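Everything on this sheet refers to the single structure shown next.
No experiment lies behind these values; they were computed from the predicted model shown.
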There are 2 protein chains.
Amino acid sequence: MTSSTVEDYLKCIYLIQTRSTDPISTGLIASQLKVAPGTATAMMKTLSESGLITYEPYRGVRLTQAGSKLAAHVLRRHRVIELFLVEVMGLNWSDVHSEAELLEHAVSELVLDRMDEMLGRPSVDPHGDPIPSPRGVLREKEYPSLISCPLGGLLKVVRVTDQSANFLRLLERHGIMPGKEVEIASREDAADSVIVRSSSGKALHLGFRPAASILVEPGE
Amino acid sequence: MTSSTVEDYLKCIYLIQTRSTDPISTGLIASQLKVAPGTATAMMKTLSESGLITYEPYRGVRLTQAGSKLAAHVLRRHRVIELFLVEVMGLNWSDVHSEAELLEHAVSELVLDRMDEMLGRPSVDPHGDPIPSPRGVLREKEYPSLISCPLGGLLKVVRVTDQSANFLRLLERHGIMPGKEVEIASREDAADSVIVRSSSGKALHLGFRPAASILVEPGE
DNA sequence: TACCAAATTTTGACATGTCAAAATATTACA
DNA sequence: TGTAATATTTTGACATGTCAAAATTTGGTA
């Protein structure tokens, strides 16, 4: 019914919508999906005619109920698959994003539910990203990042939002993954610099951009 | 590189080529894949230009080395996935063919090898179909079927070539699956009829067509 | 050997998704 | 408020895969 291309556009819009309620520009969608601007505009018309988004030319788009539900299901598939690949199949967390990108369009409801069952109906994926419920409801918890959290004391890593393989491999080498504890050794706004110490003792120097993608729970 | 459509055509030709060495007509391919005859012809030109088949108009097609290798890899993916779905995920053997039909185009080499490893480098899928090696070599063993095997004595089911879900469910209800033993209670050519008794004691009446799809190893 | 039926190929059309480049709208700023 | 820079949409083209229906080839048979 809905092509994998349509699913990709919906998922993209959904993810952007998660972080702000403003209408989303076609240019942003185009750059995220790495297609030409005109391509995104054309697809917006298609999605709009299918009732999956509302689209006001030059103003932007917004998912409808139907579009939102569909997108949530795609995202659910993606994240359950990621966790399955790590937990059941033993893949590295840095590899599973791109694998899931392919599989999310090919896995049936039956197989997905079986994965979900084998995983014990999990609520987060290997990166700490929340998994939408089977009904299509996503609960995003608000966490501070390494550039917004209070200094001093232990922090528990709960989520890493930058999914690029190289970055994840770097973090893993330093023992920085959801569930692990870290401490901020120094943070300097002017220098765009955060130095993190993981429980392995190693210090890791990060710029603000990557540091902002590491979400933590301040120690209790 | 090669689209999932191309993969489907190659796999189809490969499977037909497994059972005879004659050139394969475009009409047969079209009917197998449920596309219009002209569609198959168009694709034969494409495949031919890509060097995956040799194509003589009105005479038929044949896989090249390259095409054969590619097709074997697709079939390998299909059969490893089927076994994974049954052995690791607990799906019913009657459901996995259609699931694998989708997944075979989306599973990476990395994931496939991991499946293969988890399954202990298996040589046959849940239906007893042989799995091509990672190098793309397929070893088909010759087995008699319920309409060609000798009468009398126990027979071990080794393979079921009809993959339709309803038929497989029927067999399962009667305890007829690879590894199980059966006995031919009667076979009547004129009536197109075979009556099989499984170890559960139940008798199953089959026509010649379905009976021919059940391959057995005569008891030693 | 000529013709007919069946199979195959060709033709013209369409659907989906994509791009580059031209046209148009929006926004910011001078 | 007018204009320039930027973003968006439109246009025309292309690639892949598909169909229905017309044209062609093949092979058997009279």
Side-chain angles (χ1 to χ4, degrees), chain A residues 1-14 16-17 19-20 22-63 66-67 70-71 74 101-102 104-106, chain B residues 1-14 16-17 19-20 22-63 66-67 70-71 74 101-102 104-106:
Chain A
M1 199 79 268
T2 53
S3 69
S4 68
T5 310
V6 166
E7 289 187 346
D8 282 336
Y9 277 92
L10 291 177
K11 188 181 60 168
C12 174
I13 298 169
Y14 187 90
I16 298 170
Q17 219 166 68
R19 287 278 152 230
S20 89
D22 303 335
I24 293 152
S25 75
T26 56
L28 181 55
I29 296 164
S31 74
Q32 292 283 304
L33 293 178
K34 290 175 185 151
V35 296
T39 304
T41 300
M43 181 56 84
M44 294 312 106
K45 287 183 190 162
T46 305
L47 296 180
S48 179
E49 277 159 23
S50 308
L52 297 169
I53 62 171
T54 57
Y55 168 47
E56 288 184 69
Y58 295 103
R59 306 299 318 285
V61 305
R62 193 167 270 160
L63 289 170
L70 240 165
V74 178
E101 210 66 36
L102 293 171
E104 68 190 4
H105 305 298
Chain B
M1 199 79 268
T2 54
S3 69
S4 69
T5 309
V6 166
E7 290 188 344
D8 282 336
Y9 277 91
L10 291 176
K11 189 181 61 169
C12 173
I13 298 169
Y14 187 90
I16 298 169
Q17 221 168 68
R19 287 275 152 230
S20 90
D22 302 336
I24 294 153
S25 74
T26 57
L28 181 54
I29 296 164
S31 73
Q32 292 283 306
L33 294 177
K34 290 175 184 150
V35 297
T39 305
T41 299
M43 180 56 84
M44 293 313 106
K45 287 184 190 162
T46 305
L47 296 180
S48 179
E49 278 158 22
S50 308
L52 297 170
I53 61 172
T54 58
Y55 168 48
E56 289 183 71
Y58 296 104
R59 306 300 315 285
V61 305
R62 192 167 272 159
L63 289 170
L70 240 165
V74 179
E101 210 66 36
L102 293 171
E104 68 189 6
H105 305 298

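Judged as a side-chain hydrogen bond (donor to acceptor under 3.5 Å, both in side chains), and not counting sequence neighbours, A:Gln17 has no contacts. For A:Leu70, the side-chain contact (heavy atoms from CB on, under 4.5 Å) test picks out A:Thr2, A:Leu10, A:Leu52, with sequence neighbours left out.
Rounded to the nearest 0.5 angstrom, A:Glu7 CD and A:Cys12 SG are separated by 13.5 Å.
Looking at residues 26-33 of chain B, you'll see that no heavy atom sits under 4.0 Å from any atom of DNA chain D. Across residues 34-46 of chain A, A:Pro37, A:Gly38, A:Thr41, A:Lys45 each have a non-hydrogen atom less than 4.0 Å from an atom of DNA chain D (numbered order).
Along DNA chain D, the stretch of nucleotides lying under 4.0 Å from any heavy atom of chain A spans, 5' to 3', D:dT8 to D:dT10.
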Let me have a per-nucleotide readout for nucleotides 22-28 of chain C, 5' to 3', with B, S or -, counting only protein heavy atoms under 4.0 Å. --BSS--

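Counting only distance, with no hydrogens or angles, the side chain of A:Thr41 and the backbone of A:Pro37 share a donor-acceptor pair below 3.5 Å.
Taking both residues in full, the closest heavy atoms of B:Glu101 and B:His105 are given as O-CD2, 3.3 Å, listed atom of the first, atom of the second, then distance. Closest of all the heavy-atom pairs between B:Ala106 and A:Ala106 is CB-CB, 3.7 Å.
Residue pairs meeting the side chain to side chain donor-acceptor pair (under 3.5 Å) criterion with at least one partner in residues 51-62 of chain B, sequence neighbours excluded, are absent.
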Might you work through the side-chain contact (heavy atoms from CB on, under 4.5 Å) test for B:Val35 and B:Tyr9, ending with a clear yes or no? CA-CA 11 Å; B:Val35 297; B:Tyr9 277 91; 3.6 Å; yes

Sequence neighbours left out, cut at 3.5 Å: what donor-acceptor pairs do the side chains of residues 24-34 of chain B make with other protein atoms?
residue, atom, partner, partner atom, Å
B:Ser25, OG, B:Leu28, N, 3.1
B:Ser31, OG, B:Leu28, O, 3.0

Quiz: residues 42-49 of chain B side-chain donor-acceptor pairs under 3.5 angstrom, not counting sequence neighbours:
residue, atom, partner, partner atom, Å
B:Thr46, OG1, B:Ala42, O, 3.3

